[in-house]
Amino acid sequence: MRRSPRPEGLRSKDISFGPKRSRRWGFLHKKSQTLIQLLEATSTVTFVVAENAKIDIRSLQLQEIEKAVLEFGEPLYRARQIVDWLYQKRVRSFDEMTDLPRKSRNRLSQDFDFSKIEIVRVLGSRDTTRKFLFRLSDGNLIESVLIPASPALYGSRSDRRTICVSTQVGCAYGCKFCASGLEGFSRNLKPNEIVDQIIAIERKNGEKIDNIVFMGMGEPLANLENLLRAIKIINAPWGLGIGARHITVSTSGLAPQIRELAEEPLQIRLAISMHGATDEVRGQIMPINRRYNVETLLSACDYYAARKKQRLTFEYILIEGVNDSDEQARLLGRRAKRLSAKVNLIPYNTVHGLPWSRPSKDRQEKFLSILRERGVAATLRREKGHDIDAACGQLRLQTKRELEAASS
């Protein structure tokens with residue numbers, strides 16, 4: 001496909017929402033256009049900003065909103081009113097903030113964006129795993145999965161609702177078993193786009209989400225700054241009010257960012273996507289292992305565990321004939337014992353177009369038993385969404401291919 005021309009007067013730029021960044025920087029969204037038009041125009045979404053583009057107000061922390069209202073000449077309590085409308089009443093526009101004066105709403109609309117996230121498709125039934133496909137304001141597609149709680153999920157009690165959230169559009173890390181990266185990486189999600197997935201699913205499902213896992217599309221630690229801003233909104237009493245220990249971040253193994261995360265005061269949980277106990281096996285299916293091998297990753301995990309004083313989780317997708325041998329189980333047990341880590345075994349969810357498959361139930365159980373014989377706290381995740389292609393990126397990929405076929 002051909003690339004769309006860049007509009008005059010604009011330039012590509014990576015976006016940071018750090019404290020030194022002026023709120024005048026933001027994202028320039030494409031005007032209304034269908035996804036088919038977007039796909040015809042470009043293979044990736046052009047990442048473009050302009051100096052007068054606006055940041056979405058839901059990407060800001062309370063203190064930043066307080067600073068803004070003071071600059072408007074408004075009383076400080078306006079900031080609390082605004083976040084109450086955003087995260088408790090969950091309005092979808094500034095006009096709905098009816099206890100704010102009209103001039104205040106106009107000024108907010110002038111200075112800040114209020115982008116939309118649209119549910120495009122939902123797979124699954126209300127009482128089991130449900131997969132949500134979202135369209136963002138620029139036409140990009142992302143996925144989230146609502147998972148009915150299970151005692152096998154991180155050993156949690158069985159009455160929680162867990163949401164698996166995306167942090168990027170696509171993925172640049174190319175794990176060989178994953179659909180998220182099959183069409184490459186487009187861009188990072190903004191903080192509001194991360195939080196909006198939770199709000200949209202709560203609105204659609206009519207139930208409160210009480211457990212968040214960042215294991216959807218993308219590598220969370222590759223979008224660390226925006227991820228942390230989103231987590232602070234999710235965790236804050238003025239935001240979604242979800243406890244830090246009910247928030248898990250998963251990584252494919254970005255060792256420097258694991259060390260950086262260890263310095264953050266938030267007591268969130270960390271899960272490591274191991275999927276192989278040796279460099280030979282892990283490197284076969286996870287290209288990131290060539291940059292940060294198993295020992296480099298484990299060293300970063302040692303540092304994290306020492307700083308945080310909390311137990312890590314090793315995620316391990318069982319793939320038939322690749323990483324499900326007895327030897328891999330014994331070595332994985334040794335890695336887990338080193339860190340006193342839990343192991344969450346996940347039978348592979350088949351991805352159309354990829355050659356991998358899940359092991360038999362007997363092989364899954366044997367792998368689990370080897371870990372437990374070595375004193376490792378290990379669980380085997382039972383069937384969760386295999387029938388609706390719930391693995392990361394599958395629904396997005398399927399929908400894009402359907403739209404491409406319809407437009408050809």
Student: Are any side-chain N or O atoms of D138 and backbone N or O atoms of N140, one a donor and one an acceptor, separated by less than 3.5 Å?
Tutor: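 Side chain of D138 to backbone of N140, a donor-acceptor pair under 3.5 Å: yes, one is there.
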Student: Salt bridge between D326 and R363, side-chain N to carboxylate O under 4.0 Å?
Tutor: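 Salt bridge between D326 and R363, a charged N being under 4.0 Å from a carboxylate O: yes.
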Student: Quick one, Y173 with L254, criterion side chain to side chain contact (heavy atoms under 4.5 Å, CB included). Give me CA distance, side-chain angles, the key distance, then yes/no.
Tutor: CA-CA 10 Å; Y173 288 83; L254 275 65; 3.5 Å; yes
Student: Is the closest side-chain heavy-atom distance between I233 and Q61 below 4.5 Å?
Tutor: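 In contact.
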Student: Please examine the side chains of L108 and I82, heavy atoms only from C-beta on, and report whether any two atoms are closer than 4.5 Å.
Tutor: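 Touching, per the 4.5 Å side-chain cut-off.
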Student: Can you find a pair of side-chain heavy atoms, one from V294 and one from L297, that are under 4.5 Å apart?
Tutor: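 Result no, sub-4.5 Å side-chain heavy-atom pair not found.
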Student: Between S299 and R259, does any side-chain donor sit less than 3.5 Å from a side-chain acceptor?
Tutor: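 R259 and S299 do have a side-chain donor-acceptor pair below 3.5 Å.
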Student: State the CG-OG distance between L332 and S325, to the nearest 0.5 angstrom.
Tutor: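 The CG atom of L332 sits 10.5 Å away from the OG atom of S325.
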Student: Using 4.0 Å as the upper bound for N to carboxylate O, is an ion pair formed by D56 and R58?
Tutor: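 Answer for the salt bridge query: yes.
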Student: Check for a donor-acceptor pair, side chain of E193 on one end and backbone N or O of K190 on the other, with a separation under 3.5 Å.
Tutor: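 Between the backbone of K190 and the side chain of E193 there is a qualifying donor-acceptor contact (under 3.5 Å).
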Student: Examine distances only and state if a side-chain atom of Q88 and a backbone atom of L240 form a donor-acceptor pair shorter than 3.5 Å.
Tutor: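 Checked: no pair found.
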Student: Is the number of heavy atoms from other residues, nucleotides or ligands within 6.0 Å of CD (Q63) greater than 12?
Tutor: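 Counting other residues, nucleotides and ligands, CD of Q63 exceeds 12 neighbours.
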Student: Working to the nearest 0.5 Å, report the span between CD1 of I163 and CD of E207.
Tutor: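 If we round to the nearest 0.5 Å, I163:CD1 and E207:CD are 12.5 Å apart.
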Student: Are any non-hydrogen side-chain atoms of N192 and I117 less than 4.5 angstrom apart?
Tutor: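 Answer no - side chains too far apart.
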Student: Indicate yes or no: at least one non-hydrogen side-chain atom of I119 is less than 4.5 angstrom from one of F134.
Tutor: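 When only atoms from C-beta onward are counted, F134 and I119 do touch, with a gap below 4.5 Å.
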Student: Provide the closest heavy-atom pair for P191 versus R229 in the form atom of the first, atom of the second, distance.
Tutor: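 That would be CG-CB, 3.9 Å.
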Student: Just how far is it from atom CD of E260 to atom CG of L221, taken to the nearest 0.5 Å?
Tutor: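 E260 CD to L221 CG: 9.0 Å, rounded to 0.5 Å.
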Student: Less than 4.5 Å apart, side chain to side chain, heavy atoms only: is that true for N188 and L227?
Tutor: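 Heavy-atom side-chain distance check fails, nothing below 4.5 Å.
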Student: Keeping R358 on the side-chain end and T350 on the backbone end, is there a donor-acceptor pair under 3.5 Å?
Tutor: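 Not confirmed, R358 side chain does not pair with T350 backbone.
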Student: Decide side chain to side chain contact (heavy atoms under 4.5 Å, CB included) for L345 and Q364; before the verdict, give the C-alpha distance in whole Å, the side-chain angles of both, and the deciding distance to 0.1 Å.
Tutor: CA-CA 8 Å; L345 299 176; Q364 296 172 31; over 6 Å; no
Student: Is it the case that over 12 heavy atoms from other parts of the model lie below 6.0 angstrom from the CZ atom of R338?
Tutor: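 Yes, CZ of R338 has more than 12 neighbouring heavy atoms, counting only those of other groups under 6.0 Å.
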Student: I'd like to know if the side chain of T251 pairs up with that of E219 as donor and acceptor (distance under 3.5 Å, no hydrogens or angles considered).
Tutor: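 On atom types as modelled, these side chains qualify, holding a pair under 3.5 Å.
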Student: Compute whether any side-chain donor of one residue and acceptor of the other, for E295 and N293, lie under 3.5 angstrom apart.
Tutor: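 Absent: no donor and acceptor within the cut-off.
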Student: Taking the side chain as every heavy atom from C-beta outward, state whether V343 and T379 have any atom pair closer than 4.5 Å.
Tutor: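 Contact flag for V343/T379 side chains = no.
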Student: I268 vs L270, test: side chain to side chain contact (heavy atoms under 4.5 Å, CB included). Steps then yes/no.
Tutor: CA-CA 7 Å; I268 57 177; L270 181 63; over 6 Å; no
Student: Quick test of your reading of the model: are R269 and E315 salt-bridged, counting only N-O distances below 4.0 Å?
Tutor: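 Here R269 does not pair with E315 in a salt bridge, since their nearest N and O are not under 4.0 Å apart.
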Student: Donor-acceptor pair, Y292 side chain versus A300 backbone, under 3.5 Å?
Tutor: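 Flag not set: sc Y292 to bb A300 has no pair under 3.5 Å.
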Student: Short question: side chain of S250, backbone of M215 - any donor-acceptor pair under 3.5 Å?
Tutor: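 Here the side-chain-to-backbone pair does not exist.
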Student: Go through the steps to decide whether Q81 and R78 satisfy the test side-chain hydrogen bond (donor to acceptor under 3.5 Å, both in side chains), and finish with yes or no.
Tutor: CA-CA 5 Å; Q81 288 179 295; R78 288 272 184 256; 2.8 Å; yes
Student: Can you tell me how far CD1 of I272 sits from CG of N344, rounded to the nearest 0.5 angstrom?
Tutor: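 Rounded to the nearest 0.5 Å, the CG-CD1 separation comes to 13.0 Å.
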Student: Does R311, at its CZ atom, have more than 12 non-hydrogen atoms belonging to other residues, nucleotides or ligands within less than 6.0 Å?
Tutor: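 Buried by this count: over 12 neighbours within 6.0 Å.
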Student: Answer yes or no: does atom CZ of R90 have more than 12 heavy-atom neighbours from other residues, nucleotides or ligands under 6.0 Å?
Tutor: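 More than 12 within 6.0 Å, yes.
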Student: Would you mind reporting whether F214 and I247 have side-chain heavy atoms less than 4.5 Å apart?
Tutor: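 Contact flag for I247/F214 side chains = yes.
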Student: Less than 4.0 angstrom from a charged side-chain N to a carboxylate O is my criterion; do K89 and E96 meet it?
Tutor: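 Salt bridge flag = no for E96 with K89.
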Student: Whether the side chain of N323 engages the backbone of I317 through a donor-acceptor N/O pair (distance < 3.5 Å, no angle test) should be reported.
Tutor: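 Checking the backbone N and O of I317 against the side chain of N323, a donor-acceptor pair under 3.5 Å is found.
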Student: How many angstroms lie between atom CD1 of I370 and atom CD of E365, to the nearest 0.5 angstrom?
Tutor: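 Taking CD1 in I370 and CD in E365, the distance rounds to 12.0 Å.
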Student: Can K67 and E64 be counted as an ion pair, charged N to O under 4.0 angstrom?
Tutor: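 Salt bridge between K67 and E64, a charged N being under 4.0 Å from a carboxylate O: no.
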Student: Checking D324 side chain against P359 main chain: does a donor-acceptor pair fall under 3.5 Å?
Tutor: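 No: the side chain of D324 does not pair with the backbone of P359.
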Student: Got a second to check how far K176's NZ is from Q284's CD, nearest 0.5 Å?
Tutor: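 Reported value, rounded in 0.5 Å steps: 10.0 Å.
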Student: Pair Y303, I258 - check side chain to side chain contact (heavy atoms under 4.5 Å, CB included), show working.
Tutor: CA-CA 9 Å; Y303 182 81; I258 291 172; over 6 Å; no
Student: Can you check whether R135's main-chain N or O pairs, donor with acceptor, with E118's side chain at less than 3.5 Å?
Tutor: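 Absent.
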Student: If only atom types and distance count, is the side chain of R334 paired as donor or acceptor with the main-chain N or O of R330 below 3.5 Å?
Tutor: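 Not confirmed, R334 side chain does not pair with R330 backbone.
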